[in-house]
Participant: 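Can you read through this structure? Questions will come right after.
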There are 2 protein chains.
Amino acid sequence: MGTTKSDEFSLRDNHIAEYAKALSSPARIAILRILMKRETCMCGDIVEQIPLSQSTVSQHLRELKNAAIIKGSIDGPKICYYIDAENWGAMRKTFKKFFKGFDPE
Amino acid sequence: MGTTKSDEFSLRDNHIAEYAKALSSPARIAILRILMKRETCMCGDIVEQIPLSQSTVSQHLRELKNAAIIKGSIDGPKICYYIDAENWGAMRKTFKKFFKGFDPE
DNA sequence: TTTATTTATCGCAAAAATACGATGACTATA
DNA sequence: TATAGTCATCGTATTTTTGCGATAAATAAA
């Protein structure tokens with residue numbers, strides 16, 4: 001084993017878990033904070049601000065892209081990464097709704 | 001390697017990542033949904049509602065407990081698990097604040 | 001055309017996560 | 001005391017994750 005039994009759970013629960021997995025690394029949180037500031041978007045600039053190698057940062061960017069949290073647009077030899085505003089809102093709502101499911105008074 | 005370089009990132013980012021990791025499994029999301037309903041709290045009852053073995057469910061409960069999202073109180077031979085209302089609120093606020101960091105207009 | 005810049009991908013190693021059965025501990029009941 | 005019920009933990013197998021260096025691809029500049 002070692003595999004998550006995704007098929008056995010609801011789409012809704014898998015969806016939340018996928019978002020959470022994308023956010024489950026301090027490196028990816030740090031990357032998102034950099035992109036939030038919108039001061040830069042290049043992979044190289046991010047690498048300079050994060051204590052990880054270029055290949056590792058690139059891998060994290062790919063995971064954030066797979067989770068639809070960020071997008072990348074080609075700009076010559078560079079790639080400009082930016083937060084996908086639409087999906088960011090969707091993720092925000094998804095978590096909000098989930099947290100609201102338990103409302104202690 | 002294979003280890004997350006937690007030391008290299010801020011406490012704040014590690015904190016969010018830890019919460020997210022606790023929520024990064026559909027099994028744990030499903031368990032939390034069961035506990036949200038407050039109809040039951042026993043490990044055995046949860047096992048009946050989740051397509052995983054007793055030992056696996058127990059392991060997930062431990063992880064949720066380590067993340068301070070749930071608590072367990074001993075009730076004879078049983079253990080009553082319940083969501084830690086205070087920390088649930090803290091987690092909610094933590095995510096809310098993080099999501100607010102990117103506010104597209 | 002050659003060179004530099006930028007990023008993705010490949011291959012690898014180490015560690016963590018997921019899941020299970022078996023077993024142990026602990027309480028309640030017969 | 002002996003038995004049943006409840007749950008945690010141990011040991012194990014498999015997969016996934018994290019990270020790195022090296023290399024490839026693609027564009028821009030000399």
Side-chain angles (χ1 to χ4, degrees), chain A residues 1-9 13-14 17-32 34-35 40-67 70-82, chain B residues 1-9 13-14 17-32 34-35 40-67 70-82:
Chain A
M1 311 302 154
T3 329
T4 304
K5 287 177 133 186
S6 310
D7 299 346
E8 306 279 359
F9 298 98
D13 287 356
N14 272 288
E18 273 167 33
Y19 275 137
K21 181 165 285 184
L23 301 179
S24 72
S25 145
R28 288 193 288 273
I29 296 292
I31 289 173
L32 286 174
I34 291 171
L35 293 180
T40 183
C41 59
M42 272 179 47
C43 177
D45 292 338
I46 295 169
V47 171
E48 278 176 18
Q49 297 178 56
I50 296 250
L52 297 172
S53 73
Q54 184 267 323
S55 60
T56 302
V57 169
S58 185
Q59 215 169 334
H60 283 304
L61 286 168
R62 185 175 51 186
E63 280 170 56
L64 288 169
K65 212 165 62 179
N66 287 343
I70 67 172
K71 281 186 173 175
S73 74
I74 299 171
D75 174 26
K78 315 172 192 174
I79 291 183
C80 179
Y81 284 101
Y82 57 95
Chain B
M1 312 298 157
T3 329
T4 304
K5 287 178 136 188
S6 310
D7 299 347
E8 307 279 0
F9 298 98
D13 287 356
N14 272 288
E18 274 166 32
Y19 274 138
K21 181 166 284 185
L23 301 179
S24 72
S25 144
R28 288 194 287 274
I29 296 292
I31 289 172
L32 287 173
I34 290 172
L35 293 179
T40 183
C41 58
M42 274 178 45
C43 176
D45 292 338
I46 295 169
V47 171
E48 278 176 17
Q49 297 178 58
I50 297 252
L52 296 172
S53 74
Q54 183 265 323
S55 61
T56 302
V57 170
S58 186
Q59 215 169 334
H60 282 304
L61 286 168
R62 185 175 51 188
E63 279 171 57
L64 289 170
K65 212 165 59 180
N66 287 343
I70 67 171
K71 281 186 172 175
S73 72
I74 298 171
D75 173 27
K78 315 170 190 174
I79 292 184
C80 179
Y81 284 101
Y82 56 95

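Atom set for the values below is all heavy atoms of this structure, side chains included, hydrogens, waters and symmetry mates excluded. In the text below, chain A, chain B and the rest are named by the order of the sequence lines, each starting its count at 1.
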Participant: Take atom CG of D7(B) and atom P of dG19(D), then tell me their distance rounded to the nearest Å.
Facilitator: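 In whole Å, dG19(D) P lies 12 Å from D7(B) CG.
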Participant: Regarding S55(B) and S53(B), do their side chains bring together a donor and an acceptor under 3.5 Å, going by distance alone?
Facilitator: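 S55(B) vs S53(B): donor-acceptor pair found between side chains.
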Participant: Write down the atom of C43(A), the atom of L61(A), and the distance for their closest heavy-atom approach.
Facilitator: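 For C43(A) versus L61(A), the nearest heavy atoms are SG-CD1, 3.8 Å.
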Participant: Check the phosphate of dA19(C) against H60(B), side-chain N and O only, distance under 4.0 Å to OP1 or OP2. Yes or no?
Facilitator: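 The answer is yes; a side-chain N or O of H60(B) sits under 4.0 Å from OP1 or OP2.
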Participant: What is the separation between atom NZ on K5(B) and atom C1' on dA15(C), rounded to the nearest whole Å?
Facilitator: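 So the two atoms are 15 Å apart, to the nearest Å.
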Participant: In Å and rounded to the nearest 0.5 Å, what is the CG to CD1 distance from L35(B) to I46(B)?
Facilitator: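 One gets 4.5 Å once the value is rounded to the nearest 0.5 Å.
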Participant: Could you check which residues of residues 19-27 of chain A get a heavy atom under 4.0 Å from DNA chain C? Sort them by number, please.
Facilitator: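 Those residues whose heavy atoms fall under 4.0 Å from DNA chain C, taken from residues 19-27 of chain A, amount to none.
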Participant: Can you tell me how far P of dT18(C) sits from CG of N14(A), to the nearest Å?
Facilitator: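 In whole Å, dT18(C) P lies 13 Å from N14(A) CG.
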Participant: Does any non-hydrogen side-chain atom of P26(A) lie less than 4.5 Å from one of T4(B)?
Facilitator: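 A side-chain contact exists here, since the closest heavy-atom pair is under 4.5 Å.
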Participant: Figure out the CG/P separation between D75(B) and dG5(D), and round it to whole Å.
Facilitator: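 Rounded to whole Å, this separation is 17 Å.
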Participant: State the OG-CG distance between S58(B) and L52(B), to the nearest 0.5 angstrom.
Facilitator: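 It comes to 12.0 Å.
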Participant: Is there a side chain to side chain contact (heavy atoms under 4.5 Å, CB included) between I50(A) and I34(A) once you walk through the steps?
Facilitator: CA-CA 10 Å; I50(A) 296 250; I34(A) 291 171; 3.9 Å; yes
Participant: For the residue pair Y19(A) and A67(A), what are the closest heavy atoms and their distance?
Facilitator: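 Closest approach of Y19(A) to A67(A), heavy atoms only: CE2-O, 3.9 Å.
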Participant: For I74(B), answer base if it contacts any base atom (sugar-phosphate contacts may also be present), sugar-phosphate if it contacts only those atoms, and nothing otherwise; contact means non-hydrogen atoms under 4.0 Å.
Facilitator: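 Answer is nothing: I74(B) stays at 4.0 Å or more from every strand.
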Participant: Side chain of R62(B) only, please: which of dA19(C), dT9(D), dG19(D) is the nearest?
Facilitator: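 So the nucleotide nearest the side chain must be dT9(D).
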Participant: For the side chain of S53(B), starting at C-beta, report the closest nucleotide among dA19(C), dA22(D), dC20(C).
Facilitator: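 Shortest atom-to-atom distance from the side chain points to dC20(C).
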Participant: Can you work out whether Q59(A) or V57(B) has the more 5'-proximal nearest nucleotide on DNA chain D?
Facilitator: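 The residue whose closest nucleotide sits nearer the 5' end is V57(B).
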Participant: Out of dC20(D), dT15(D), dT9(C), which nucleotide sits closest to the side chain of T3(A)?
Facilitator: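 Closest nucleotide to the T3(A) side chain: dT15(D).
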Participant: Apply side chain to side chain contact (heavy atoms under 4.5 Å, CB included) to residues K21(A) and E18(A) and explain how you reach the verdict.
Facilitator: CA-CA 5 Å; K21(A) 181 165 285 184; E18(A) 273 167 33; 5.6 Å; no
Participant: Using the side-chain heavy atoms of T56(B), tell me which of these nucleotides is nearest: dC20(C), dT18(C), dG19(D).
Facilitator: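 Of the options given, the side chain of T56(B) lies nearest dC20(C).
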Participant: In whole Å, what is the span from the CG atom of N66(B) to the P atom of dA16(C)?
Facilitator: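 One finds 14 Å between P of dA16(C) and CG of N66(B), rounded.
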Participant: Would you kindly compare P77(B) and Q54(B) by the position of their nearest DNA chain C nucleotide and give the one closer to the 5′ end?
Facilitator: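 Residue closer to the 5' terminus by nearest nucleotide: Q54(B).
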Participant: Of the candidate nucleotides dT9(C), dT6(C), dC20(D), which contains the atom at the shortest distance from the side chain of M42(A)?
Facilitator: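 Comparing dT9(C), dT6(C), dC20(D) against the side chain of M42(A), the answer is dT6(C).
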Participant: What's S58(B) touching, base or sugar-phosphate or nothing? Going by heavy atoms closer than 4.0 Å.
Facilitator: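 Result for S58(B) = base.
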Participant: Does K78(B) put a side-chain nitrogen or oxygen below 4.0 Å from OP1 or OP2 of dC26(C)?
Facilitator: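 So the side chain of K78(B) is outside the cut-off, no N or O lying under 4.0 Å from OP1 or OP2 of dC26(C).
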Participant: Output the rounded distance in Å from CD (E63(A)) to C1' (dT17(D)).
Facilitator: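 In whole Å, dT17(D) C1' lies 8 Å from E63(A) CD.
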Participant: So if I take every side-chain heavy atom of C43(B) and compare against dT18(C), dT9(D), dC7(D), which nucleotide ends up nearest?
Facilitator: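 Ranking dT18(C), dT9(D), dC7(D) by closest atom to the C43(B) side chain puts dC7(D) first.
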Participant: Quickly work out the L52(A) CG to dT7(C) P distance and round it to whole Å.
Facilitator: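 Going from L52(A) (CG) to dT7(C) (P), I get 16 Å.
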Participant: Please give, in whole Å, the distance from dT18(D) P to I29(A) CD1?
Facilitator: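 From I29(A) CD1 to dT18(D) P: 12 Å.
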